[in-house]
Protein chains: 2
Amino acid sequence: MPQAQRLRDLLEDAIVEGHYAPGDRLDPEALARQYQCSRTPIREALTQLSASGMVKVAPKRGTFVARLSVTELVERFEVMAELEGMCGRLAARRMSNETRAALQQAQAACRQCMIRGDINGYYYENGEFHRLIYEGSHNAFLAQEARRLHAMLKPYRRLQLHARHRLENSWCEHERIVEALIAGDADTAQRELREHVLLQGERFNDLVASMQRLGQTHD
Amino acid sequence: MPQAQRLRDLLEDAIVEGHYAPGDRLDPEALARQYQCSRTPIREALTQLSASGMVKVAPKRGTFVARLSVTELVERFEVMAELEGMCGRLAARRMSNETRAALQQAQAACRQCMIRGDINGYYYENGEFHRLIYEGSHNAFLAQEARRLHAMLKPYRRLQLHARHRLENSWCEHERIVEALIAGDADTAQRELREHVLLQGERFNDLVASMQRLGQTHD
DNA sequence: CACCGCCCTGTTGTATACAACAACTGGTAT
DNA sequence: ATACCAGTTGTTGTATACAACAGGGCGGTG
């Protein structure tokens, strides 16, 4: 596999997992030294990340990890909610028995993390939970787009989970979603997933507050 | 503006407008000669187009204009329908008076083209019609994604319009959509737009047939 | 003291050269 | 006749060097 691809995946992971914070500068030369290669593959990796919206290039000033404004974030969550709902609607009809079982397993794992108060664990299992629903839609393109958006929003989604009782609420919502998916109730699955993802009410305010704190640490 | 960006736009346009057909080879060296530059910016342009799904690279064998399989196409239309529906739902509530007027104007232009049987004209005005609804959603990210998918499907969408009575049917569907949008009826706008975009029944078969003809001319 | 302009520096974008790699083609052996 | 092997060729991926461009700082001037 070409080096640029590996670098793209590595950098994407590092961004998504929070090793680089939104607004951080990504210096091509430093990265080139770090990964023992020339600027060319680094440049290509950054270009691709820029295309997928993970980084923003400020011409002649540097490349930075994308820092989304509140508006941009709300817009993306709005689209994400719709795509997740669509995945749910399709998955309710199309999901295989294996995926169904895996989903219930992921939900059980989420429950364990919730009980232990293990936020990072929940965060990971939650990703699995949603990924399974994407795959369950049996629409590879939809699943790919959903994964892309999910990755893009991951750094911000993580902030939400620290809000009080968010884990419990999230898990209960999952429970209703699983129920609808198992029952094959497409409409309910779609609606519950949309609501689950959509930023609304308190959660919106919590997230904005977290972002502002995040912003202060890097300005 | 960097040359690579210009080239990307140029190539994308050329593909979308059908100057290159799905399956055509895009030889970097030939393009470099054609555009009087080195392979570097060409390469970058092609990489970006590959990321957005317009071209497919077959490692060590060449770069080709994406030729979507029937499955891939159906999947994309399925997602497109959902996104358009979402645009419609939001636009019904958020569209400005100017956009509303522009939409009615585009619809009138479509009507003229329909009456004249001007397929290319209709094709163009149809693009405007849909673009206005995207913008009307007042969700810049959603609009961008919708435009991207729309562009990707454009070469195939064009095939549909040649089917008998497709222009008339399309225009009538537009009419119902405009009506719902003007009335601010979000549910109807969403539903009508979804149906309008979704490949179903006869139209699906027509498109598959056209694609097979297209395939034969390039194999 | 403030403002304007110039130079320097840093960053990106492009060209070119080179190396690695896989696919194709020709030939040979079984 | 077919399968396999090796050389060749074409293509991509990477490194490096260079040029262009913009921004920031510094100094001069009003």
Side-chain angles (χ1 to χ4, degrees), chain A residues 1-15 19-69 144 215 218-219, chain B residues 1-15 19-69 144 215 218-219:
Chain A
M1 191 180 312
Q3 193 165 197
Q5 304 276 356
R6 288 195 318 105
L7 287 170
R8 183 178 62 77
D9 292 346
L10 247 59
L11 285 174
E12 179 170 324
D13 241 53
I15 292 170
H19 295 119
Y20 298 105
D24 280 6
R25 173 134 191 272
L26 296 172
D27 183 21
E29 277 191 79
L31 291 169
R33 275 196 303 276
Q34 189 174 340
Y35 291 104
Q36 310 261 11
C37 65
S38 78
R39 252 183 47 218
T40 308
I42 300 281
R43 178 183 170 76
E44 187 163 328
L46 290 178
T47 304
Q48 289 188 38
L49 287 176
S50 159
S52 78
M54 303 279 299
V55 309
K56 283 236 193 331
V57 293
K60 304 290 174 192
R61 294 192 51 185
T63 305
F64 303 87
V65 177
R67 159 187 270 163
L68 300 181
S69 71
Q144 171 193 321
H218 286 279
D219 275 344
Chain B
M1 193 181 311
Q3 195 165 197
Q5 304 277 353
R6 288 195 317 105
L7 286 171
R8 183 178 62 77
D9 293 345
L10 247 58
L11 284 174
E12 179 171 322
D13 241 52
I15 292 171
H19 294 120
Y20 298 106
D24 280 5
R25 173 136 191 271
L26 295 173
D27 183 21
E29 276 191 77
L31 290 169
R33 276 195 303 275
Q34 190 174 340
Y35 291 104
Q36 310 259 12
C37 65
S38 80
R39 251 184 45 217
T40 308
I42 300 280
R43 178 184 169 76
E44 188 164 329
L46 289 178
T47 303
Q48 288 187 39
L49 288 176
S50 158
S52 78
M54 304 279 300
V55 310
K56 283 235 193 334
V57 293
K60 304 290 175 193
R61 295 191 49 183
T63 304
F64 302 86
V65 177
R67 159 186 269 162
L68 300 180
S69 71
Q144 171 193 320
H218 286 279
D219 274 344

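Reminder, nothing fancy here: chain letters follow the sequence lines and each chain counts from 1.
Here Q5(B) contributes atom CD and L10(B) contributes atom CG; the two are 12.5 Å apart, rounded to the nearest 0.5 Å. Here the OG1 atom belonging to T40(B) is positioned 10.5 Å from the CD atom belonging to Q3(B), to the nearest 0.5 angstrom. Rounded to the nearest 0.5 Å, atoms CZ (R33(A)) and CG (D27(A)) are 7.0 Å apart.
Of the listed nucleotides (dC21(C), dT11(C), dT14(D)), dC21(C) has the atom at the smallest distance from the side chain of K60(B). Ranking dG13(C), dA15(C), dT12(C) by closeness to the T40(B) side chain, first place goes to dA15(C).
Nearest heavy-atom pair, V65(A) versus A21(A), reported as atom, atom and distance to 0.1 Å: CB-O, 3.5 Å.
Atoms CD1 (I42(B)) and C1' (dT16(C)) sit 15 Å apart, rounded to a whole Å. Rounded to a whole Å, the CE atom of M1(B) is 17 Å from the C1' atom of dA20(D). One can place CD of Q36(A) at 15 Å from P of dT14(D), the figure rounded to the nearest angstrom. In this structure, E29(A) places its CD atom 11 Å from C1' of dT12(C), rounding to the nearest Å. Rounded to an integer number of Å, the gap from OH of Y35(A) to P of dA15(D) is 15 Å. The nearest whole Å value for the distance from the CZ atom in R43(B) to the P atom in dT11(D) is 14 Å. In this structure, the CG atom of L46(A) is 10 Å from the P atom of dG13(C), given to the nearest Å. Atom-to-atom, CG of L26(A) to P of dT11(C) comes out at 13 Å; the value is rounded to the nearest Å.
Checked by distance alone, R61(A) brings no side-chain donor or acceptor within 3.5 Å of a matching partner on the base of dG24(D).
Under 4.0 angstrom from either OP1 or OP2 of dG13(D) there lies no side-chain N or O belonging to Q3(A). The side chain of S38(A) places an N or O atom within less than 4.0 Å of a non-bridging phosphate oxygen (OP1 or OP2) of dA15(D). Residue R39(B) places no side-chain N or O under 4.0 Å from the OP1 or OP2 atom of dA15(C). Proximity of T63(A) to the phosphate of dT12(C): a side-chain N or O atom is located under 4.0 Å from OP1 or OP2.
Across all strands shown, P28(B) has heavy atoms under 4.0 Å from sugar-phosphate atoms exclusively, and none from any base.
Listed for the T47(A) side chain is a donor-acceptor partner under 3.5 Å among the backbone atoms of R43(A).
For the pair E44(A) and R25(B), nearest-nucleotide mapping onto DNA chain D gives the more 5' position to R25(B).
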